[in-house]
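Each remark here refers to the structure printed beneath this line.
What you see is a predicted model; the values in this text were computed from it and never measured. Within every chain, numbering begins at 1; the chains are lettered A, B, ... in the order of the sequence lines, protein sequences first and strands thereafter. Reckoned from all heavy atoms, side chains included, excluding hydrogens, waters and symmetry mates.
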2 protein chains.
Amino acid sequence: MNAPTENLTIGAFARTAGVNVETIRFYQRRGILRQPAKPYGGIRRYGAADVARLRFVKSAQYLGFNLDEIGDLLRLEDGTHCREASVLAELKLRSVREKLAGLARMETALSGLVKACHARKGNVSCPLIASLFRDARREVSMSRRRA
Amino acid sequence: MNAPTENLTIGAFARTAGVNVETIRFYQRRGILRQPAKPYGGIRRYGAADVARLRFVKSAQYLGFNLDEIGDLLRLEDGTHCREASVLAELKLRSVREKLAGLARMETALSGLVKACHARKGNVSCPLIASLFRDARREVSMSRRRA
DNA sequence: CTTACTTCCGTAGTCAACTACGGAGTCAAG
DNA sequence: CTTGACTCCGTAGTTGACTACGGAAGTAAG
């Protein structure tokens with residue numbers, strides 16, 4: 001799995017991806033990032049694929065997935081047999097769609113607020129809570145832990 | 001701000017919303033949930049609005065917001081003056097839209113995988129990493145902390 | 001070669017978000 | 001009017017995700 005150009009030291013890798021060196025080592029221990037083979041008495045080198053993978057991890061985190069879930073997503077990325085993959089993918093797809101629905105509702109409520117603000121002035125409020133439940137009762141629910 | 005029926009004890013409130021009593025008390029200390037006035041030598045009571053608010057908090061968490069950000073969202077819900085509100089709302093709107101874009105990409109990649117699995121059998125992989133960056137470089141980026 | 005910076009690796013500390021504990025006060029079924 | 005469950009409140013412990021520390025070994029500019 002060695003890409004053409006594996007030229008980055010761990011420090012350069014960390015700077016490129018915008019994280020701390022210790023975070024990379026932590027992800028390696030968690031099995032989220034690989035630990036490239038190190039030449040006898042030498043240093044490990046990283047490439048562009050590692051950077052992309054790490055950026056993906058950070059984005060997925062921003063999208064509300066925890067490290068175990070990100071591990072699942074990466075197993076799909078890395079490729080597994082259809083039988084397990086499709087079960088897992090359907091599960092992840094369900095939670096992605098739940099998140100999409102919830103965020104779409106927030107988007108509506110927030111853009112409504114912004115519009116209302118531009119129109120009148122004074123006090124305004126934003127029916128965010130109502131928006132998340134309106135005519136979609138339970139669509140975005142508490143299926144939180146391990147979707 | 002007392003709703004018509006404030007009949008729930010903290011325990012019933014917690015069960016209804018599917019959280020731990022201690023979590024409610026923790027949110028009260030954080031200023032995310034109110035602490036209803038308690039009658040002289042009595043007990044606090046909670047109503048449907050409290051339940052909805054708490055469910056909103058849990059949903060927003062699932063959507064990748066932290067408690068500070070959820071505090072911001074609730075300030076919009078509760079209503080503030082347009083000047084501050086619209087600035088805050090535009091910011092939140094931006095991060096909601098970033099999340100929507102990232103999730104939409106994941107959705108495409110995952111449903112592609114599921115479809116591929118139904119078609120052929122054997123090994124399949126899922127270009128999740130590529131999907132998050134393809135023709136949208138930096139759209140979902142590392143603007144993580146405090147959006 | 002020296003010297004200053006890195007890497008390597010294991011262990012320990014921090015921060016956010018809970019979760020548990022314990023003792024005093026409150027409530028409600030019998 | 002007792003008794004068992006629950007509330008209140010402050011403090012302490014846990015979990016997930018990092019972040020820091022320190023000493024031995026690697027690296028690279030002068």
Side-chain angles (χ1 to χ4, degrees), chain A residues 6-47 50 53-74 142 144-147, chain B residues 6-47 50 53-74 142 144-147:
Chain A
E6 303 270 276
N7 50 337
L8 301 173
T9 65
I10 196 172
F13 178 18
R15 273 189 301 280
T16 308
V19 307
N20 195 310
V21 168
E22 308 300 326
T23 304
I24 291 169
R25 296 187 27 70
F26 172 70
Y27 288 164
Q28 290 174 329
R29 267 176 265 134
R30 291 277 315 235
I32 283 173
L33 297 180
R34 73 190 179 112
Q35 197 165 44
K38 125 179 114 155
Y40 292 134
I43 242 175
R44 296 178 214 286
R45 298 285 170 164
Y46 302 82
D50 297 301
R53 190 179 180 92
L54 179 45
R55 287 207 173 120
F56 171 81
V57 171
K58 286 296 169 187
S59 298
Q61 234 169 7
Y62 176 64
L63 298 176
F65 295 96
N66 66 29
L67 292 182
D68 282 355
E69 292 166 333
I70 291 170
D72 289 346
L73 292 170
L74 289 171
M142 256 120 259
R144 188 153 354 292
R145 315 278 166 221
R146 317 264 50 245
Chain B
E6 302 270 278
N7 50 339
L8 300 172
T9 64
I10 197 172
F13 177 18
R15 271 188 303 281
T16 308
V19 307
N20 196 310
V21 168
E22 308 301 326
T23 304
I24 291 169
R25 294 187 26 70
F26 172 69
Y27 287 163
Q28 290 173 330
R29 267 175 266 135
R30 289 277 315 235
I32 282 174
L33 297 181
R34 74 190 179 112
Q35 196 163 46
K38 124 181 116 157
Y40 291 134
I43 240 175
R44 296 178 214 287
R45 298 283 170 166
Y46 302 83
D50 297 300
R53 191 178 178 92
L54 179 45
R55 286 206 172 120
F56 171 80
V57 171
K58 286 298 171 183
S59 298
Q61 234 170 5
Y62 175 64
L63 298 177
F65 295 96
N66 66 30
L67 292 182
D68 283 354
E69 292 167 333
I70 291 170
D72 289 345
L73 291 170
L74 288 170
M142 256 117 258
R144 187 155 358 294
R145 316 273 167 225
R146 317 262 55 240

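- Residue A:Glu22 places its side chain closer to D:dA20 than to any other of C:dA17, D:dA20, D:dT11.
- Contact between the side-chain N/O atoms of B:Gln35 and the OP1/OP2 oxygens of D:dC8 is not found at any separation under 4.0 Å.
- One atom, CD1 of A:Ile70, and another, P of D:dG16, lie 14 Å apart when rounded to the nearest Å.
- Here the rule is salt bridge (Lys or Arg N to Asp or Glu O under 4.0 Å) with B:Asp50, and of B:Arg34, B:Arg55, B:Arg45, B:Arg44 only B:Arg34 fits it.
- A:Asn20 has a side-chain polar atom (N or O) that falls below the 4.0 Å cut-off from OP1 or OP2 of D:dA20.
- Residue B:Lys58 has no polar side-chain atom (N or O) positioned under 4.0 Å from OP1 or OP2 of C:dA17.
- The side chain of B:Arg44 sits closest to D:dC8 out of D:dC8, C:dC18, C:dC21.
- Of all heavy-atom pairs between A:Ala17 and A:Leu54, the closest is CB-CD2, 3.5 Å.
- Under 4.0 angstrom from either OP1 or OP2 of C:dC18 there lies at least one side-chain N or O belonging to B:Tyr27.
- Closest non-hydrogen pair, A:Lys38 versus A:Ile43, comes out as CB-C, 4.3 Å.
- Computed from coordinates, the A:Leu8 CG to D:dT27 P distance equals 16 Å when rounded to whole Å.
- In this entry the distance linking CZ of B:Arg25 with C1' of C:dT19 reads 12 Å, nearest Å.
- Of all heavy-atom pairs spanning A:Phe65 and A:Ile70, the tightest one is O-CD1, 3.7 Å.
- Closest approach of A:Leu74 and A:Arg53 over heavy atoms only: CB-NH2, 3.6 Å.
- At least one side-chain nitrogen or oxygen of B:Thr23 sits closer than 4.0 Å to the OP1 or OP2 atom of C:dT19.
- Taking only side-chain atoms of A:Ile43, from C-beta outward, the nucleotide of C:dT19, C:dC8, D:dC9 with the closest atom is C:dC8.
- The side chain of A:Lys38 contributes an N or O atom lying less than 4.0 Å from OP1 or OP2 of C:dC9.
- Mapped onto DNA chain D by nearest heavy atom, B:Arg45 and A:Val57 fall at different nucleotides, with B:Arg45 at the one closer to the 5' end.
- Dashed line: the shortest gap from a side-chain N or O of A:Gln61 to OP1 or OP2 of D:dC18 is under 4.0 Å.
- Residue B:Ile10 contributes atom CD1, which lies 14 Å from atom C1' of C:dT19 at whole-angstrom precision.
- One atom, CG of A:Asn7, and another, P of D:dT27, lie 15 Å apart when rounded to the nearest Å.
- A straight line from CG of A:Leu67 to C1' of C:dA16 spans 14 Å, rounded to a whole angstrom.
- Rounding to whole angstrom units, CZ of residue A:Phe13 and P of C:dC8 are separated by 12 Å.
- One can place CG of A:Asp68 at 8 Å from P of D:dG16, the figure rounded to the nearest angstrom.
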